[in-house]
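Here is the structure we will look at, set down as structure tokens.
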2 protein chains.
Amino acid sequence: MPDIENVSLLRLREFLPYRLSVLSNTISTRIASLYDREFGLSIWQWRVMAVTGDRPGISATEIGQLTAMDKVAVSRAIAAMIQMGYLERKTSETDGRRSQLFLTPAGRDVYELIVPMALGAEQELASSLTEEEQKQLERLMGKLADAASPDRPLW
Amino acid sequence: MPDIENVSLLRLREFLPYRLSVLSNTISTRIASLYDREFGLSIWQWRVMAVTGDRPGISATEIGQLTAMDKVAVSRAIAAMIQMGYLERKTSETDGRRSQLFLTPAGRDVYELIVPMALGAEQELASSLTEEEQKQLERLMGKLADAASPDRPLW
DNA sequence: GTCAAATAGTTACATATGAAACTAATAGTT
DNA sequence: AACTATTAGTTTCATATGTAACTATTTGAC
């Protein structure tokens, strides 16, 4: 007699969203502990530093767009990093609401250390895959991202 | 004259850990809003339901192992779901510390609705990839998970 | 059997996070 | 110019989360 109770079967460990979540958290936590241990930076603060180092004069709103952080998180990360002496804020001369952000010399020092560290960790991670596989992964993640995009018809 | 300031370059949007994090969050949030809207369940509660439905009599500790949740999160999710009338707890007769968890009839009703819904969402998502690509993705994620495993020499 | 160590789970506390309300400045309409 | 709507960013408040301390029970050593 077939088991009619369990019509369909769900194994969490094989469930794609779950696997992605666990993988992503493992990696993020691992890397975050590096930044934190070495420089006392959270993931959010690190993201702000990454984009500000790359685009001096950027605004908080733009940081939010580039980092997928919401504006409250951006605001808090910026405040903390100014406090730490890593960031400097000027008010735009053409728009009094807009802030323009720059790394201080101390901030740039950290940035110069952190970028190779981050790239190294990524390299370490990616090196478990062949070149070909890395490209594949990029492609597949892109497809998934499109499929999961919030401005799609509801599943 | 070459730009000697910016020795190495980091583009956040191409940074693997960042991309994974954004992708995973997008998907999780999307699916979580479904559970929440339909049944008032958080992701954690949903995970507890998923494994308890599959293994009646499971303990809180085992749930933690199967869901990658820490014991506090498990404890809270269980408490809330007992409150909601979806879960029932008995104390093991052979070990007074251990709890044994079961879905109530109401809990099972939700479970029976939620499992196909979850599988459907996964299917929807996965269907943006070919069969071949899905297998690839599994493989690549497995490799990355190994590489990022916490009991590896520090990066 | 008694006592220290380990295990299952909960509670308390401190911090992180997100939504909504708020302030300040600008843009657009009349 | 005056008035409304919009935008940039901050603050407030309520909730979520993680760490550490705690309770209860069991296990293991003697």
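Residue numbering restarts at 1 for every chain, and letters A, B, ... go by the order of the sequence lines.
Distance CZ (B/R47) to C1' (D/dT17): 14 Å, rounded to an integer number of Å. C/dT7 atom C1' lies 8 Å from atom NZ of B/K71, rounded to whole Å. Summarising the geometry, the separation between CD on B/E62 and P on C/dT7 is reported as 15 Å, rounded to the nearest angstrom. In this entry the distance linking CG of B/N25 with C1' of C/dA16 reads 15 Å, nearest Å. Computed from coordinates, the B/M81 CE to C/dT10 P distance equals 14 Å when rounded to whole Å. One atom, CZ of A/R98, and another, P of D/dT6, lie 19 Å apart when rounded to the nearest Å. If you measure from atom CG of B/L101 to atom C1' of C/dT10, you get 14 Å, rounded to the nearest angstrom. One atom, CG of A/D70, and another, C1' of C/dA20, lie 12 Å apart when rounded to the nearest Å.
Between B/R47 and A/S21, the side chains place a donor N or O and an acceptor N or O closer than 3.5 Å (distance only, hydrogens not considered).
A donor N or O paired with an acceptor N or O is found under 3.5 Å between the base of D/dG18 and the side-chain atoms of B/R76.
Contact annotation: B/R89 side-chain N/O to C/dT10 OP1/OP2 distance is under 4.0 Å. Remark: B/S75 is not in phosphate contact with C/dT11, judged by side-chain N or O atoms under 4.0 Å from OP1 or OP2. Note on B/W44: every side-chain N or O is 4.0 Å or more away from OP1 and OP2 of D/dA16.
Of the two residues near DNA chain C, A/A73 and B/S59, the one whose nearest nucleotide lies more 5' is B/S59. Nearer the 5' end of DNA chain C, as judged by each residue's closest nucleotide, is the contact made by B/Q100, out of B/Q100 and A/V72. Each of A/I78 and A/R97 was matched to the nucleotide of DNA chain D holding its nearest heavy atom; the match closer to the 5' end belongs to A/R97.
Other residues, nucleotides and ligands place no more than 12 heavy atoms under 6.0 Å from the CZ atom of B/R13. Heavy-atom neighbours of B/R139 CZ from other residues, nucleotides or ligands within 6.0 Å: above the threshold of 12.
To the nearest 0.5 angstrom, B/R19 atom CZ is 10.0 Å from A/E122 atom CD.
Between B/F15 and A/W46, the ring centre distance stays below 6.0 Å.
For the helix from C/dG1-D/dC30 to C/dT30-D/dA1, the rotation axes defined at the first and last 5 base pairs enclose an angle of 10°, given to the nearest 10°.
Using a 4.0 Å heavy-atom distance criterion, A/S99 is classed as a sugar-phosphate-only contact.
Legend: residues meeting salt bridge (charged side-chain N to carboxylate O under 4.0 Å, His left out) with A/K143, ordered by chain and number and at least two apart, are B/E133. Looking at residues two or more places apart in sequence or on another chain, you find a side chain to side chain contact (heavy atoms under 4.5 Å, CB included) between B/Q65 and B/T61, B/E62.
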